[in-house]
Every structure is written in structure tokens, then in C-alpha cells.
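By convention in this document, chain letters (A, B, ...) are assigned in the order of the sequence lines, proteins followed by strands, and residues within each chain are numbered from 1.
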Amino acid sequence: MALIIYNTLSRKKEQFEPLEPGKVKFYVCGVTVYDFNHLGHARTYIVYDTVRRYLKSCGYDVTYIQNFTDIDDKILNRAKRDGTSMAVVAQTYIDAYYEDMAKLNILPADEYPRATETIPEITDFIQQLEAGGYAYPANGDVYYSVRRFPDYGKLSGKRLADLEAGASERVNETELNRKKDPFDFALWKAAKPEEPAWDSPWGAGRPGWHIECSAMLRSRLGETVDIHAGGEDLQFPHHENEIAQSEAVTGKPLARYWMHNGFLNVLDKEGKVEKMSKSLGNFTTLRELFKTYPPMALRMLVLKTHYRNPIGFTLDLLDSALAIWRDLEEVLQLGSWLEAIGQPLEGQMLFDPWIADFQNAMDDDFNTPEALVPVIMLYKQLGSRYHEVVHGKTLAEPEQFAHEWRTLVYLCDILGLKAEAPIVREVALLEPDIQVQIALRQQARDNRDWAEADRIRRQLLEKGIVLIDHKHEPTTWRFE
RNA sequence: GGCGGCAUAGCCAAGUGGUAAGGCAAGGGUCUGCAAAACCCUCAUCCCCCAGUUCGAAUCUGGGUGCCGCCUCCA
């Protein structure tokens, strides 16, 4: 089986073949750092983290680059509002980004280039465009001349003629006057008073959004990357413009495969979409969510839907994902449990049908909902054993168990599903007291004093300890 | 108006020509003093509608309806 990826450029599933055998250059458009990350960001980066992990598991040497846009009107507005500088706002939310993504078990990028640290490359890029006749200055701004690039629209399937119909009153008037054509976009923006600015051949100013990515990508990964990815909203105009800029200069394809993930929309009580656009003032931050849900529940939710389909986010959906995650996490924690009680798992992972099913699903354009099936089958199968172990029984067929458990851990690692460390250390401290309580309750039960027995059970439950009665064996317990 | 996508059970969601994966929820059962946990069982004669192609379609074609995204900053 070979990996197949849906390429936005061709609108078809294509066999994946990197430019250089064994190596994958992967560029993902990062966030503009002017606020905390919301659920939608989480989806995008969970998706590409999973793609990256899978590529690695296939043996590819993956270089993963993700930028930060740290120059932007929205950041400036935020700085103004908070009475601080653009640099401070940017750094604040970059730090927050790292924190949130770490909780989702998203691997750090190999590098996080920032626009403000790439100015020389950007101005250099613009000069090359100018030299090639693709860019022209106008009152301190520099614009890209869209009509000079014949392939413009090839990614998004838009033609300039179609766009013309949509050209509306929404265009900024000052810009319109400077542009030769309404579809031209800014490569460089002349400095405005009291705003951060960098020197350039066209005077002080700052780069436009699209050129940042073209320059950062080229500086880190060269002229052509294997995979260029981002949210579906970036398809047009952002990625279209990146292609126009980069390919005009290099004459080579910017990316071999373009991947775009569907949106995660929060649904309101009537089930209507409330897009998480911050300009509409509606978004749910990750840190808010993580106060009440484990981050892995969100990761599970994202994995449960194919990455190109939209997700209508509701709390019910999250609860459903959480239910799966809770069971799965218990089983994943088993290794630690066994170690804690002196029965460490011996045995290796073996290649077996579970892995084949998983790989077939992932090979088909990263079909994670399908790939989750063997994972769920495995943990269901292992789950009953988990309870035997936690209830103090000796594990039967430990080698077979170990092999399956390691397979599960391996698959979960590719999906980025990571269990919290189980609370086992406190057991030694609690154990004697709990045994006393269990004995007292057993006495009550023997006396058919159900009220007292239930009182003790309830009391322990308040401490998070659940009792499990058995028919012929003493009562055992576990954490809630 | 232009471009694109989607429509599968109460909910979520795979499946793209051979007779409907999986999950959540729900119901029933075993067990229990009662619970909890665990385990077992059940849960779409049918895939938005109509027409067509085919021995055969949820899957292909045409038409229709509904929802969504992009066309403006957005993951």
C-alpha cells in the first residue's frame, strides 16, 4: 500500500512521492498572534501534527516548518487596546500558542520563523519580483501585478474574470487608487505614523501578509516543498498569492501537494454555525476548554472526522469523544499500573492485522476515522484485562497481552493520543486506610446493615475511591 | 452573481459498483443486598428526492431540493 494524498491543486487523490526520496519538506501556515488560540486552530494543527507523525512512522525524514505572523493590523490594534507594543502582544500569544499546542500533544515544529525576523529575505524577494516585472511601487507601497502571472487562480479554481463579478465596494479606497488593478495585492505597505516599520528600498514600511510566507518558506525549505498546508480558508487568496509570488520568481512549483483542512465551527443551541472568526467576536479559546475537558478529548474529536470535512462542534460531540478517550486512556495507562504493582510488561510489539488496517486507512488520504477502528477494537479487547489487573488479579497470557498493548501504544503515538501518567504513587499511602474501611463495610454487610455499608461506600466515593464488590472474593477498589 | 464542497440510524461518522464499519446514546440480560464496574445481546431491508445506466448503485450519469465554505482579515 502506498500513501495517497488529496491534492487541492489537482482536486484529486494522488500517490505521494516526495521530491527527494525519503525526505519530506512540510510547510504549514501558522497563526497570526494577536489572541489566544481557539478550537479551530487546534483542529488545523492536530491534523497536520498527525500527518507529520504518520509520515515519520512511514520512515520519512520530515522537516516541519510553521511560521508566526507577527506583523499585522490586528496585532497593532491589540497593542493599542492593551497599551503595549506589537512585539509584546506577539510574544505573549506565541508563548500561549506553545502552551496550548503542547497540551494537545502537538510536536513542536522544527523551526518557527517569524515575519519580523525575515525582513531581509522578504525585501529581497520583493526586489526579485520587481526585477521580473511582477511588482510595482506606488507611494511607498509595493503591489503584485496579478495579471502578469498567467496561472493566477490555478489553486482555487478562480478566474480573474469570475473574481471581477465579486469585486465589490469592500475594497479599501486608498489602496484602490494606488493599485493598477483591483486584484493586485500588497507586498509592502508604507509605514504609517507611530507604527513599527523597517527600512526598505521603497522607504520605511512593513511586509504584506502573503509575501511573508513565500519568503519564510523559501529561506527554510528552498524553492519547492513537498507539502504545503493550512486551513481551507487560506486557499484563496493566501495560497494563491503565495504561488503567484514564488513561482514567478523561481519558475518552479511552490509545492507538490497542497492540503487544506475543513473548518471546525462552533454550533449554537439551534445547531446553527457560528463561525469562529474573531472579527465576529465569537470564539472559544483552548485554555477555556481545557479548564473542564482533557485536551486529548478534543484531539479525539478531531480525529473522529476526516480532515477535509467540516466539524460542527457541540458539547455533546465533545462528550462523545471524551467517553472514548477515557476508556482508551485507562488501557494506555496499564503499562504504568503493571509496573507499579511489580508486573511489568515483557514483550515486543509485533506487526499484525491491526497495524495493517491502521496503515491502509491512513494511506488513504489520512482517513483517521477509519484508522481509529483498529485502535478501538484493540482497547476494547484489552479493556477487560485492564480491569482484571487493576482489581488485583494476575494477568493471564502476559506475552500476548504485552504484544497487543504495545501495538495499541504504537498506534496511539502516531495519532498523538497520549495518556496522563496514572495516579499510582498515592496508593501505598491510601491502601491501609482503605482496607480498614472495606473491612468495616464488610462487617456491616454481613450484619445486613445496608445503610451503614452504603454510608461507608459513599464516604469513600467522595474521596474519589470506587468500591467493586465481587462474588467470591474480597471487595477491591479503584480511583474514580 | 461566480467557484467549490456536503447530504448515510436519536447523535457523530466510515464506506465511491456486489448487497450498510465503528463510536456515543438507548434498550435488554448476566452479576449485585442495592449499586458501580465489567461482560453478553439488540439497535438503518436501507443510504435527501426523481429519472437513467447496469445482472447489480448509498456508490456512476442527468435533474431537483436542502445545508455549508470561499470570492474581504481568518486555521
Side-chain angles (χ1 to χ4, degrees), chain A residues 8 11 28-32 34-35 37-48 66 69 72-74 153 156-159 161-172 183 209 229-238 240 260-265 271-273 275-280 283 300-301 303-306 308-312 314 316-324 327-328 357 361 364 367-377 380 383-388 390-391 444-446 448-451 453-454 457-458 461 466-471 476-478 480:
Chain A
T8 308
R11 301 193 183 279
V28 177
C29 283
V31 286
T32 300
Y34 64 97
D35 210 338
N37 291 115
H38 61 223
L39 266 31
H41 296 123
R43 184 194 192 177
T44 294
Y45 300 114
I46 287 169
V47 163
Y48 299 118
Q66 190 178 310
T69 295
D72 183 87
D73 283 339
K74 285 196 286 279
S156 55
K158 295 180 192 303
R159 290 163 298 171
D162 295 335
L163 288 169
E164 234 148 316
S168 64
E169 327 72 45
R170 294 178 289 198
V171 182
N172 176 307
F183 304 113
W209 177 39
E232 64 180 358
D233 55 321
L234 260 30
Q235 203 179 112
F236 187 91
H238 185 56
E240 197 70 71
H260 293 96
N261 62 284
F263 261 40
L264 181 154
N265 296 305
K272 286 195 171 173
V273 171
K275 197 184 161 191
M276 240 173 315
S277 164
K278 296 179 186 179
S279 50
L280 294 176
F283 64 96
M300 179 59 82
L301 182 153
L303 259 16
K304 265 165 55 67
T305 301
H306 185 90
R308 283 190 278 118
N309 291 154
I311 294 177
T314 61
D316 280 349
L317 205 59
L318 224 208
D319 286 333
S320 168
L322 177 64
I324 302 171
D327 289 348
L328 173 56
D357 286 352
D364 183 14
N367 191 336
T368 53
E370 188 78 10
L372 237 21
V373 171
V375 171
I376 289 168
M377 295 303 208
K380 292 246 170 192
S384 53
R385 317 288 296 283
Y386 164 87
H387 293 280
E388 289 172 17
V390 174
H391 297 170
R445 294 178 77 203
D446 291 343
R448 306 184 69 80
D449 183 356
W450 311 127
D454 290 349
R457 183 167 64 191
R458 219 176 306 120
L461 186 61
V466 183
L467 295 183
I468 302 123
D469 293 331
H470 305 282
K471 194 162 190 178
T476 55
W477 65 275
R478 65 176 177 85
E480 197 173 14

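- Figure legend. U19(B) is base-paired to no nucleotide; pairs are counted as Watson-Crick or G-U wobble with both atom distances under 3.5 Å.
- Of all nucleotides present, only G5(B) satisfies the Watson-Crick or G-U wobble test against C67(B), with each distance under 3.5 Å.
- Heavy atoms of D454(A) sit under 4.0 angstrom from at least one base atom.
- Nucleotide G56(B) has no partner under the Watson-Crick or G-U criteria, as no pair reaches both atom distances under 3.5 Å.
- If you check every strand for non-hydrogen atoms under 4.0 Å, G312(A) touches nothing.
- If you find the closest nucleotide of RNA chain B to D319(A) and to R448(A), the one lying nearer the 5' end belongs to D319(A).
- Within the nucleic acid shown, R445(A) comes within 4.0 Å of at least one base atom, counting heavy atoms only.
- Summarising the base pairing, G62(B) is matched to C50(B) through a Watson-Crick or G-U wobble pair whose two defining distances lie under 3.5 Å.
- Between the CD atom of E240(A) and the C1' atom of G69(B) there is a distance of 16 Å, rounded to whole Å.
- Here A75(B) presents its P atom at 17 Å from CD1 of I311(A), a figure rounded to the nearest Å.
- Within the structure, every side-chain polar atom (N or O) of N367(A) is placed at least 4.0 Å from both OP1 and OP2 of A13(B).
- In this structure, the side chain of R43(A) engages the main chain of G262(A) through a donor-acceptor pair within 3.5 Å.
- No N or O donor and acceptor, one from the side chain of N37(A) and one from the base of A75(B), sit under 3.5 Å apart.
- When side chains are defined from C-beta on, L461(A) counts as touching V466(A), because their heavy atoms get closer than 4.5 Å.
- The closest side-chain heavy-atom distance from Q66(A) to Y48(A) is not below 4.5 Å.
- Using a 4.0 Å heavy-atom cutoff across all strands shown, V31(A) reaches sugar-phosphate atoms only and no base atom.
- Counting non-hydrogen atoms under 4.0 angstrom, L467(A) reaches a base of the nucleic acid.
- The base of C68(B) lies outside donor-acceptor range of the side chain of N309(A), with no N or O pair under 3.5 Å.
- Atom CG of L318(A) is separated from atom C1' of C11(B) by 14 Å (rounded to the nearest Å).
- Protein atom CG of D357(A) is 12 Å distant from nucleotide atom C1' of G22(B), rounded to whole Å.
- Remark: K304(A) is not in phosphate contact with C11(B), judged by side-chain N or O atoms under 4.0 Å from OP1 or OP2.
- Backbone-only contact: H306(A) has heavy atoms under 4.0 Å from sugar-phosphate atoms and none from a base.
- Residues I324(A) and K304(A) meet the side-chain proximity criterion, which asks for heavy atoms closer than 4.5 Å.
- Counting any heavy atom pair closer than 4.0 Å across all strands shown, D469(A) reaches a base atom.
- Within a 6.0 Å radius of CZ in R11(A), more than 12 heavy atoms belonging to other residues, nucleotides or ligands are found.
- Base engagement by R457(A) is indicated by at least one non-hydrogen atom pair under 4.0 Å involving a base atom.
- Nucleotide U45(B) forms a pair with no other nucleotide shown, judged by Watson-Crick or G-U wobble geometry with both contacts under 3.5 Å.
- Two residues are said to be in side-chain contact when any heavy atoms from C-beta on lie closer than 4.5 Å; L372(A) and M300(A) meet this criterion.
- Pairing partner, G10(B): C24(B), with both Watson-Crick or wobble hydrogen-bond distances short of 3.5 Å.
- Applying the Watson-Crick and G-U wobble criteria (two distances, each under 3.5 Å), U30(B) pairs with A38(B).
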